[in-house]
Amino acid sequence: GDSVTQTEGQVALSEEDFLTIHCNYSASGYPALFWYVQYPGEGPQFLFRASRDKEKGSSRGFEATYDKGTTSFHLRKASVQESDSAVYYCALGHNAGAKLTFGGGTRLTVRP
Amino acid sequence: EAAVTQSPRNKVTVTGGNVTLSCRQTNSHNYMYWYRQDTGHGLRLIHYSYGAGNLQIGDVPDGYKATRTTQEDFFLLLELASPSQTSLYFCASSDIGAGERLFFGHGTKLSVL
């Protein structure tokens, strides 16, 4: 079955640091890949999506590139802010399917 | 922005109790989902539906029932609640399924004592 692995369970950075959260997936076919963000007390929110090899998704300064060769969709941001502190989820879904598979989540804490 | 509303926001019950969690979406979406969120496990799919009267089993369905009464309303039922079902529950909706974005509610925190 499909699976999504986020390497980092927790990441702690200072403001203006560079962020990388690693996401690798295992799935048949050509799934769509997603990043969601969850702020305290809220439900997850869609950040962005990519659906084909080498496609870059981006939003709010975050970006990730679909890499079918390495089965990866790593999240990056050049300069984090304290307001980016949240839990980030990588996910995959098939266009003809109904189920979205989530990774375990990465808690990002940004110190002022 | 699409709206998904869950109720209640918090619920406390005892072991063996009967609990119903409610979810309403006003997006005219076809798909609705129930997830549970636990530390160390992320988001896990309990049940989902692609229309009124339809129900599909998710990845962690044991101990849960669900019912989709209308296009808008999706309920999660715990008929004999156990402490292992203490969790944060999220409802979500989507127009065409897993290839497009999901819209989540704010969650229901359930404690089973």
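Quick caveat: nothing in here was measured; it's all calculated off a predicted structure. The chains referred to below are lettered A, B, ... by the order of the sequence lines, with proteins before strands, and numbering in each begins at 1.
Interface check for chain B: of the options A/G103, A/P44, A/P31, A/S51, the most heavy-atom pairs under 4.5 Å are formed by A/P44. The greatest number of non-hydrogen atom pairs below 4.5 Å with chain A, out of B/R44, B/H41, B/Q37, is found for B/Q37. The choice from B/I96, B/L43, B/N30 that makes the most heavy-atom pairs within less than 4.5 Å of chain A is B/L43.
Here the closest heavy-atom approach between residue A/F46 and residue B/R101 is recorded as CD1-CB, 3.4 Å.
If you chain together hydrophobic residues whose side chains sit under 4.5 Å apart, A/Y25 and A/F48 fall into the same group. Under the 4.5 Å side-chain contact rule for hydrophobic residues, B/F104 and B/V4 do not share a cluster. Linking ILVMFWY residues whenever their side-chain heavy atoms come closer than 4.5 Å, directly or via other members, places A/V11 and A/V110 in the same cluster. B/L21 and B/Y31 fall into different hydrophobic clusters, where Ile, Leu, Val, Met, Phe, Trp and Tyr residues are linked whenever their side-chain heavy atoms come under 4.5 Å apart, directly or through other members. Residues A/Y89 and A/L19 are members of separate hydrophobic clusters, defined by side-chain heavy-atom contacts under 4.5 angstrom among Ile, Leu, Val, Met, Phe, Trp and Tyr.
For NZ of A/K54, the number of neighbouring non-hydrogen atoms (other residues, nucleotides, ligands) closer than 6.0 Å is greater than 12. For B/I57, the CD1 atom sits in a loose shell: 12 or fewer heavy atoms of surrounding residues, nucleotides or ligands are nearer than 6.0 Å. Within a 6.0 Å radius of NZ in B/K65, other residues, nucleotides and ligands contribute 12 heavy atoms or fewer.
When heavy atoms are compared at a cutoff of 4.5 Å, B/L45 approaches chain A solely by way of its side chain, counted from C-beta outward. No part of B/Q56 comes within reach of chain A, as not one of its non-hydrogen atoms sits under 4.5 angstrom from that chain. Within the 4.5 angstrom heavy-atom criterion, no atom of A/Q45 approaches chain B. In this structure, chain B has a heavy atom under 4.5 Å from the side chain of A/Y36, while its backbone stays farther away. For a residue to count as touching a neighbouring chain, one of its non-hydrogen atoms must lie under 4.5 Å from one of that chain's; by this rule B/R9 touches chain A with the side chain only. For B/Y48, the part lying under 4.5 angstrom from a heavy atom of chain A is the side chain only.
Taken to the nearest 0.5 Å, the CG atom of B/D59 stands 10.0 Å off from the CG atom of A/D2. Annotation: the span from B/F90 atom CZ to A/Q38 atom CD amounts to 4.5 Å, rounded to 0.5 Å.
Aromatic ring centres of A/F102 and B/Y35: separated by under 6.0 Å.
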